[in-house]
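Scroll down for the structure; my scribbles are underneath it.
For ligands, and for the atoms within them, numbers begin at 1 and follow the listed sequence.
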Amino acid sequence: MSDQRLPRAEPPRAPLTNVFIDHSREALRARFAAEGISPHWAEQVFSWIYRRGVYDLSAMEDLPQDLRERLAGSWSFRTLETKEVQRSVDGTRKLLLSCWDGEVVEAVLIPEARRTTLCVSTQVGCALACSFCATGALGFTRNLSAGEIVDQVLCAGESLEPGETLTNVVFMGMGEPLLNLPAVHEAIRVMTDQRGLALAPRRITVSTSGVIPKIRPLLEIGSINLAVSLHATTDEVRDHLVPLNKRYSLQALMSALRAEERLSRKRPVFFEYTLIEGVNDSLEDARRLPELLKGIPSKLNLIPMNPHSASDYRPPTTEVCDAFAAEVHAAGVRVMLRKNRGRDISAACGQLARRSGAAQPGASLARSGAASR
Ligand code: SF4
């Protein structure tokens with residue numbers, strides 16, 4: 001399927017306030033209590049939303065009629081609207097979702113034999129300007145709210161096919177999750193609440209480019225997985241690929257991870273390494289990687305660069321990728337050379353693209369989930 005432009009987004013509407021799905025169950029109880037409403041009714045509303053998929057107060061029969069009318073006047077349920085679902089020949093689906101202000105975010109559903117993973121976005125654009133990522137090239141627009149992150153899961157749930165169940169969520173779409181940590185935390189609370197979306201924490205992975213001060217606070221949410229976008233074995237190369245490295249060097253990042261007590265062989269760091277021809281794909285790089293990872297429980301994902309129009313970078317040949325993986329593996333690193341999914345719909349790692357007709361005419365916002373971070 002082609003990477004089509006979206007129709008021009010709807011004109012901006014008013015910003016949404018009092019959105020149920022912006023709140024964890026605890027936060028909704030607190031909001032209700034502050035407004036003089038029994039927290040019991042917060043539990044009921046939460047259950048209607050996440051256990052029964054009801055987004056209509058008039059259908060919530062066990063709520064008192066006067067409360068339903070009061071809430072209907074000032075609260076809303078959903079934050080996103082599915083504008084289009086693009087399908088790859090390999091079954092990957094890219095959801096184009098419009099926000100209240102006309103911005104468009106993308107989420108990618110990746111069905112596999114034993115699981116179905118959703119890759120969610122956390123920001124519109126990104127301020128970190130990684131040189132291989134077109135999202136970064138377009139700059140930062142705004143953070144997504146917790147409800148806008150949760151709604152990506154709800155929209156994906158509505159596009160599942162018979163027999164499919166959403167099993168995993170990865171925060172690897174557009175944006176740097178750790179620069180929007182309060183919303184990411186609140187969304188994870190909703191996702192992992194047994195009365196919410198009921199995902200096991202180990203089914204959730206949050207990726208960062210290396211915002212060191214936020215790593216420990218992120219992991220305090222529970223036993224979720226951490227992914228780190230590495231992409232280079234020297235500061236010289238990483239400064240160029242991931243400019244955040246000028247602030248938090250490779251050595252500082254690795255030291256912070258070595259000191260992180262929550263990581264273990266059962267809960268390792270997933271290092272993402274995009275292989276770019278002539279940039280970071282040498283055997284010297286492959287030999288430096290095990291040294292860098294020493295002392296950190298880790299799994300290494302190698303992702304051949306997915307070309308896109310905002311970058312001249314290209315993937316190495318299959319032979320170079322295989323030789324790189326073999327060299328790292330020989331040094332005892334758990335390594336996986338990943339297949340690219342959804343390349344034909346620009347949904348593969350490094351290719352995610354949002355199109356906002358109102359915002360950046362002609363611009364392709366590409367970013368990857370796991371690969372380009
Ligand atoms: S790779 Fe991730 S952190 Fe870097 S610019 Fe793109 S979205 Fe931002």
For Asn280 and Asp285, test the side chains for any donor-to-acceptor distance below 3.5 angstrom and give the result as yes or no.
no
Under a 3.5 Å cutoff, is there a donor and acceptor pairing between the side chains of Glu186 and Ser24?
yes
Could you tell me which atoms of ligand 1, counted from 1 in the order shown, lie closer than 4.0 angstrom to a heavy atom of Leu128?
3 (S)
Would you tell me whether Gln65 and Glu69 have side-chain atoms, one donor and one acceptor, within less than 3.5 Å of each other?
yes
Numbered in order shown, the ligand 1 atoms found under 4.0 Å of a heavy atom of Ala129 are 5 (S)
Would you check if the distance from the ring center of Phe324 to the ring center of Tyr273 is below 6.0 Å?
yes
Could you list which atoms of ligand 1 come closer than 4.0 Å to a heavy atom of Ser209?
3 (S)
Kindly determine whether Val169 and Met191 satisfy side-chain contact (heavy atoms from CB on, under 4.5 Å), including the steps that lead there.
CA-CA 9 Å; Val169 173; Met191 290 176 196; 4.1 Å; yes
Give the atom numbers and elements of ligand 1 that come within less than 4.0 Å of a heavy atom of Cys126.
3 (S), 5 (S), 7 (S), 8 (Fe)
Please classify the Ala127 to ligand 1 contact at 4.0 Å (heavy-atom distances, strictly less than): side chain, backbone, both or neither.
neither
Which ligand 1 atoms are under 4.0 Å away from a heavy-atom of Gly136?
5 (S)
